[in-house]
Every structure is written in structure tokens, then in C-alpha cells.
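Numbering of ligands and ligand atoms starts at 1, following listing order. These numbers were taken from a predicted model, which means no experiment stands behind them. For the numbers below, each heavy atom of this structure counts, side chains included, while hydrogens, waters and symmetry mates do not.
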Amino acid sequence: MKRILITGAAGFLGSHLCDRFVSEEFTVIGMDNLITGNIKNIEHLFPLKNFEYYHHDVSKFVHVPGQLDYILHFASPASPIDYLKMPIQTLKVGSLGTHNLLGLAKSKNARILIASTSEVYGDPLVHPQREDYWGNVNPIGPRGVYDEAKRFQEAITMAYHTYHGLETRIIRIFNTYGPRMRVEDGRVLPAFFCQAIRGEGLTVFGEGNQTRSFCYVDDLVEGIYRLLFSNYHLPVNIGNPSEITILQFAKEIMALVQNPKAHIIYDPLPVDDPKQRQPDITLAKDILGWEPKVSREEGLIKTYKYFKDLLKGMD
Ligand code: UDP
């Protein structure tokens, strides 16, 4: 049996990855320090023989006994609200944490895939974003702690690839959504769903004409899986190119939830909020034969059910 280490295992993406690899008969070692992850996301895996959980902060030296074939590095605060609250941890997990995991991969002769982000493109001046665009990032702005950590992460990963010949993979993840996002996550989709279900104001930042492109989590997991087993070591965008303004997105969620008390309110636009974001996925199509299968309509219905049940349990 192949053994895979997944960092950020109790998080939104990490936990879905644990599910996928456990079901593919890998032995999965899930690691998390639970600063943003939730152990409930992986509790159902605890009885399985091919799942182990380590409570650990990967910014400190990482020790995993025995053979290791693959590493997926998904530990990091990932919502702007979280990385504003935890700027140092965000910088450390992207830099020191990545260094530790690259060292572990080298010592075990394992292949490592690191989770990078569309944030490496910053507030992009090229649209849609292709992998060869270098980005427009403010290093000292509030988002800099995440963006620069992820840029450093890509740089050190490439250095381990070229200098040590390590097998590395880099995925640039665009906005992703689905079950297991947290109510208090702060990102736009959980915020809008919870506000709509509770009959509150949906907090549109600015005038809501900034755009994002939302990918359903199952599509993302499939893209990660294919990239890990590909032989391509340069960064690959994975995301859904279907682009929408944030105001339109608020309206779609209100139309789905149908709570007559829900309404739109306008709050100030956060500093350095990217004005537009859409992945160019030509590369993923060419080298992975991957493209998203779940439409926003379908993905939002599944996610609505998740948030409705979650909030019912909390009230
Ligand atoms: N946003 C919003 N209301 C909210 C939360 C976010 O209008 O309650 C906007 C935010 O300003 C950004 C977009 O939605 O333009 C996506 O924000 P998110 O925090 O989900 O992630 P980002 O794509 O900015 O990393």
C-alpha cells in the first residue's frame, strides 16, 4: 500500500483529499494543528485501518516514521479573514512549513504536491490568468502575508526540484467551494449562504462589481489527483473559468435560498481586493485532460443543503 501524508487534513480541502485517497486504498496520514481545521471533518475516518492522524504544526520539524510515497501540502489559513488574524502563522506555514515538508520528501524519496493559489497573481493586470503571468502583488499589504508566503513556497519548491531533483508538483487553486466550509470562514460563499439562510443582509463589499470564478470541490480534488500522477512539474491552474460579479453571486444565492428577509447591504471594499479573477485552464486541459464538470447551479444546490443542515444543528 502506498503511504501519503496530507497536511491541513482537517481543513476544507484537506479533508476531501483524505476521503479521496483513503477510498483509493492509500494509507493516509492526516496532519493538522487545528488552528483553522475542524476535527469533525475527518472523525469518520478514524475507525479505518488505512487512516492515521497526527496533531502537529508543520512549521516545526516534521517527523513521520516509515515509508512515505507522496506528500500533499495543504496546511494554511486560506481565507482573507483568517490570514489577517494569523499573519505570522500564515507566513510560517507557507515558508518554514514548506521547507520542512520538502526536506521530509527528500529524505523519504517521496513526490510532493504543494497547494499554491491564484493569489500569486495578486490583483491581476492580465485576464484571464495564465500560468506564465508573473502577477501584481503588494508585498506589504494585508494580503501580502498569504500571497508572498505562497510565492516563496513556489520558489523553494522549484529550487528543490532543480537542485535536488525532487519530484514536485505545484497547483494554483482558484476560488473553491463546497461542503465542510466553515460558517465563520469569512469567505464570500459561506458568508452569503449563512446571511441568506438567517434572513440577514448579504454583505457585498464595494459595489460588488469585482469578479471571481468558483470551482466545486469535487472538480478540484479530481484536478489535484491527476496533477499528482502526471509528470508535469511547473505550476498548473485548477479552477472553474465561469466568472461572475460578486453582486450577481449574492443575487444567485438569494434566489436559491428564497428567504424574503434576506437583502443586500454594501460594506467597504477590503484593501488590495483583486478586481477580477478567472483561470485560464488550457494547460490543465492539455496535460491532465481535466476540466470542471459541476456547474455553479449544481454546486450551489449541494452546498446550500450543507449550510442549511449545519445551521439547523447550531440553532
Ligand atoms: N466579499 C464580499 N462579502 C463578503 C466576503 C467577501 O463581497 O462578506 C468579496 C470580497 O471582497 C472579494 C470576493 O468577495 O472581492 C471574494 O472574497 P473571498 O474572501 O471569498 O476570497 P478572495 O477571492 O478575495 O481571496
- Non-hydrogen side-chain atoms of K293 and E298 separated by less than 4.5 Å: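 Counting from C-beta outward, K293 and E298 never come under 4.5 Å.
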- Restricting to pairs with a member in residues 258-304, which pass ring pair (Phe, Tyr, Trp, His ring centres under 6.0 Å), not counting sequence neighbours? F193-Y304
- Message: Show me, by chain and number, every protein residue that has a heavy-atom distance under 4.0 Å to ligand 1.
- Response: P80, E119, R143, N175, G186, R187, V188, A191, F192, T203, V204, F205, Q210, R212, I246, P270, D273, R277
- Which other residues end up in the same hydrophobic cluster as Y146, if Ile, Leu, Val, Met, Phe, Trp and Tyr are linked when side-chain heavy atoms come under 4.5 Å apart?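 Y146 clusters with Y83, L91, V145.
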- Task: May I ask you to list the residues sharing a hydrophobic cluster with F205, side-chain cutoff 4.5 Å, ordered by chain and number?
- Result: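 Other cluster members: L269.
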- Query: Can you find a side-chain donor-acceptor pair between N237 and Y121 that sits under 3.5 Å?
  - Reply: yes
- Message: Tell me whether the rings of H233 and H161 are parallel (<30°), tilted (30 to 60°) or perpendicular (>60°).
- Response: parallel
